[in-house]
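Everything on this sheet refers to the single structure shown next.
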Amino acid sequence: MARTKTAATAPSGASAKTSRNGRLSNAERSAYFARREAAKVLRLVLRGDARRRAVGSIKSLVYSPSVKNKKATFALVCQTLKHLSIIKQVLDSASILNSKWKRQEELVYILTYDILFGQEISLVGDAEKFLMLHKGAIQSALARLLVRNKVKSIEDLMALYQTPDVPKPRYVRVNTLKMDVDSAVLELGKQFVVQKDDLVPDLLILPPGCDLHDHPLIVNGCVFLQGKASSMVAAALAPKPGWKVLDACSAPGNKTVHLAALMKGKGKIVACELNKERVRRLKDTIKLSGAASIFINSLNQPEDIEVLHGDFLNLDPKDPAYSEVRAILLDPSCSGSGTAAERLDHLLPSHASGDVHIHLLFGHTADPTEMERLNKLSAFQKKALRHALSFPGVERVVYSTCSIHQVENEDVIKSVLPIAMSFGFQLATSFPQWNCRGLPVFEGSEHLLRTDPVEDKEGFFIALFVKGNIIDRSKNPTMPSSYNSKETCSGFEK
């Protein structure tokens, strides 16, 4: 992955030490701060992976507003993770780390990557000076690792550890609160081949590998980096302008601001999020989108998207404040198994090389710890969906996950369906022209929607509940007449 030496703004409290003539060159300053930004991201990634409770994906953490030098930081994090198994073995073999540096292990990993595989390191910080002092021991440890694995080159050694990247088109969603689709196509078309998606009206398709992180349309919030399946969720809810909508588990906020765009700035959105760190991310996304000041209430007065820092399950459906809520989007915590490739989860220590492809194809695990985690997630998901369906004024509810596991998808819907029907809800078919439907484990599963982790490169699940008369198949001529999950969804064959 390419590394770019661009200037970075110093993080608060950072204290780069000076080099010759008491001043850092631009390249030295950029490298110094990029490594420390990368170390902060790497710490969050590794701790989240160890606890199986990720704060965010690698991409979402790198592209947060707090990271200044995004391109260099992303490259450092990804390359360090790709080489992490080798780096750890080298450091263990070299036996150079004392307790002080073990407390800063993420920065040590970053610097060791640069010493062994990356760019030249200048002596501009204590960590850099310490590791460069032991550069010979580190390189000798790598040489011993090559001999132990019976390979002659770094490339051969990496081949033992690396998992091939999964190519997929770059999808971007046009934020129609700030820009119309045709204008976005024209602007992006100056650099890339751009196509309009045939399913989601404000979604555009660009070639795989397009680097858009610092494109002006991304920076100013006119366009969001958002996958096709993720963009289908708010579109499936299809809120009308003027409605009051509740986004139950809303961070990082891409679906929240998509709802705002679909509502054309008329109505109100209540965005609920439990995690404090993710609330900050949610607010940043809302601010970037322009949705924070676009909404007009029934009295023709400006009204912000209301961000609630709290548990959706603690909201009282009988509270008058929610009596006018007509639609709820529920995208609860899930395993994230369907976005393993997009999230770059194959780089994480918990994803052993060789298991990832099987996991993507079949969505099952023999790991008792993982199965216990999935069952806990499923119990929470069922509880959250029952709660969403209990709001008396609600007409439409979308339940979505980025999981490929039946226990988080069809099993949740099957369990909750009797309660949903008691509240007057029925399953409706979102995007009837989409072939890949739910696994046929109960009557009515053809209304559910899946994206295929093999064909579509990501595995999402969408269920739409509608109160009142359901639109039947006769009114949906594009719905497949002979539904066969095994034929249409290769990634979920049972």
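Here, residue 1 is the first one in the sequence, and each next residue gets the next number.
Separation of atoms CD1 (I462) and CZ (R437) is listed at 9.0 Å; rounding is to 0.5 Å. Here the OH-CG distance, from Y109 to L81, works out to 11.0 Å after rounding to the nearest 0.5 Å. From L42, atom CG reaches atom SG of C78 across 10.0 Å, with rounding to the nearest 0.5 Å. Atoms CD1 and SG, on I205 and C210 in that order, are 12.0 Å from each other to the nearest 0.5 Å. Summarising the geometry, atom OG1 belonging to T256 is positioned 13.5 Å from atom NZ belonging to K283; distances are rounded to the nearest 0.5 Å. Rounded to the nearest 0.5 Å, atoms OG1 (T73) and NZ (K71) are 12.5 Å apart.
Defined by atom type and a distance below 3.5 Å, a donor-acceptor pair is present between the side-chain atoms of H215 and Q191. No side-chain donor from either of D202 and T176 sits under 3.5 Å from a side-chain acceptor of the other.
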Step-by-step side-chain contact (heavy atoms from CB on, under 4.5 Å) determination, L217 to V174: CA-CA 9 Å; L217 296 187; V174 181; over 6 Å; no

Derivation of the side-chain contact (heavy atoms from CB on, under 4.5 Å) call for L237 and L262: CA-CA 10 Å; L237 187 64; L262 293 170; over 6 Å; no

Side chain to side chain donor-acceptor pair (under 3.5 Å) between S403 and T401, worked out: CA-CA 5 Å; S403 170; T401 73; 4.7 Å; no

R450 vs E410, salt bridge (charged side-chain N to carboxylate O under 4.0 Å, His left out): CA-CA, chis, key distance, verdict: CA-CA 10 Å; R450 276 183 176 265; E410 288 85 0; 2.7 Å; yes

Verdict with reasoning, F130 to L111, per side-chain contact (heavy atoms from CB on, under 4.5 Å): CA-CA 10 Å; F130 172 80; L111 290 167; over 6 Å; no

Intermediate values then yes/no, side-chain contact (heavy atoms from CB on, under 4.5 Å), R170 and L225: CA-CA 8 Å; R170 166 68 74 189; L225 299 172; 4.0 Å; yes

Criterion salt bridge (charged side-chain N to carboxylate O under 4.0 Å, His left out) on K228 and D197, from CA distance to verdict: CA-CA 9 Å; K228 179 167 182 169; D197 185 71; 2.9 Å; yes

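Side-chain contact between L188 and V172 is present, with heavy atoms from C-beta onward closer than 4.5 Å. Under the 4.5 Å side-chain criterion, counting only non-hydrogen atoms from C-beta, H213 is not in contact with I218. With a 4.5 Å cut-off on side-chain heavy atoms, L76 and D114 count as touching. Inter-residue side-chain proximity for L212 and V223 is flagged as unmet; no heavy-atom pair is nearer than 4.5 Å. In this structure, the side chains of W434 and T451 come closer than 4.5 Å at one or more pairs of heavy atoms. Residues F33 and N69 fail the side-chain proximity criterion, which asks for heavy atoms closer than 4.5 Å. Inter-residue side-chain proximity for P201 and V181 is flagged as unmet; no heavy-atom pair is nearer than 4.5 Å. Between F74 and V67, every side-chain heavy-atom pair lies at or beyond the 4.5 Å cut-off.
Test K40, R43, R36 against E106 for salt bridge (charged side-chain N to carboxylate O under 4.0 Å, His left out) and you get one pass: R43.
In this structure a side-chain-to-backbone donor-acceptor pair under 3.5 Å is missing from E458 to G227. Between the side chain of E273 and the backbone N or O of A251, at least one donor-acceptor pair lies under 3.5 Å. In this structure a side-chain-to-backbone donor-acceptor pair under 3.5 Å is present from T285 to R281. Counting only distance, with no hydrogens or angles, the side chain of T112 and the backbone of V108 share a donor-acceptor pair below 3.5 Å. Put simply, the side chain of Q381 gets close to the backbone of S333: a donor and an acceptor are under 3.5 Å apart. At least one donor-acceptor pair under 3.5 Å links the side chain of S337 to the backbone N or O of I404.
Using a 4.0 Å cut-off between charged side-chain N and carboxylate O, E277 and R280 make a salt bridge. Comment: E105 does not engage K88 in a salt bridge, judged by the lack of any side-chain N to carboxylate O separation of less than 4.0 angstrom. Electrostatic pairing of R35 and E128 counts as a salt bridge here, judged by a charged N lying under 4.0 Å from a carboxylate O. Note on K255 versus D331: salt bridge recorded, some NZ/NE/NH1/NH2 to OD/OE distance being below 4.0 Å. With respect to E408 and R373, no salt bridge is recorded, no charged nitrogen being found less than 4.0 Å from a carboxylate O.
Residues T80 and I110 share a closest heavy-atom pair of OG1-CD1, 3.4 Å. Taking all atoms of both residues into account, the shortest heavy-atom contact from N175 to A261 is OD1-CB, 4.3 Å. A pairwise comparison of heavy atoms in L146 and I154 identifies CD2-N, 4.2 Å as the closest pair. Residues C222 and K178 come closest through the heavy atom pair SG-CB, 3.9 Å. Shortest non-hydrogen contact noted between V90 and L142 is CG2-CA, 3.9 Å. Here the closest non-hydrogen pair linking C249 and P332 is SG-CA, 3.9 Å.
With sequence neighbours excluded, the residues that form a side-chain hydrogen bond (donor to acceptor under 3.5 Å, both in side chains) with R144 are S93.
Between Y113 and H83, the ring-plane angle classifies as tilted under the 30° and 60° cut-offs.
Taking the ring centre of Y171 as origin, the terminal cationic atom of R173 falls outside the region bounded by 6.0 Å and 45° from the ring axis.
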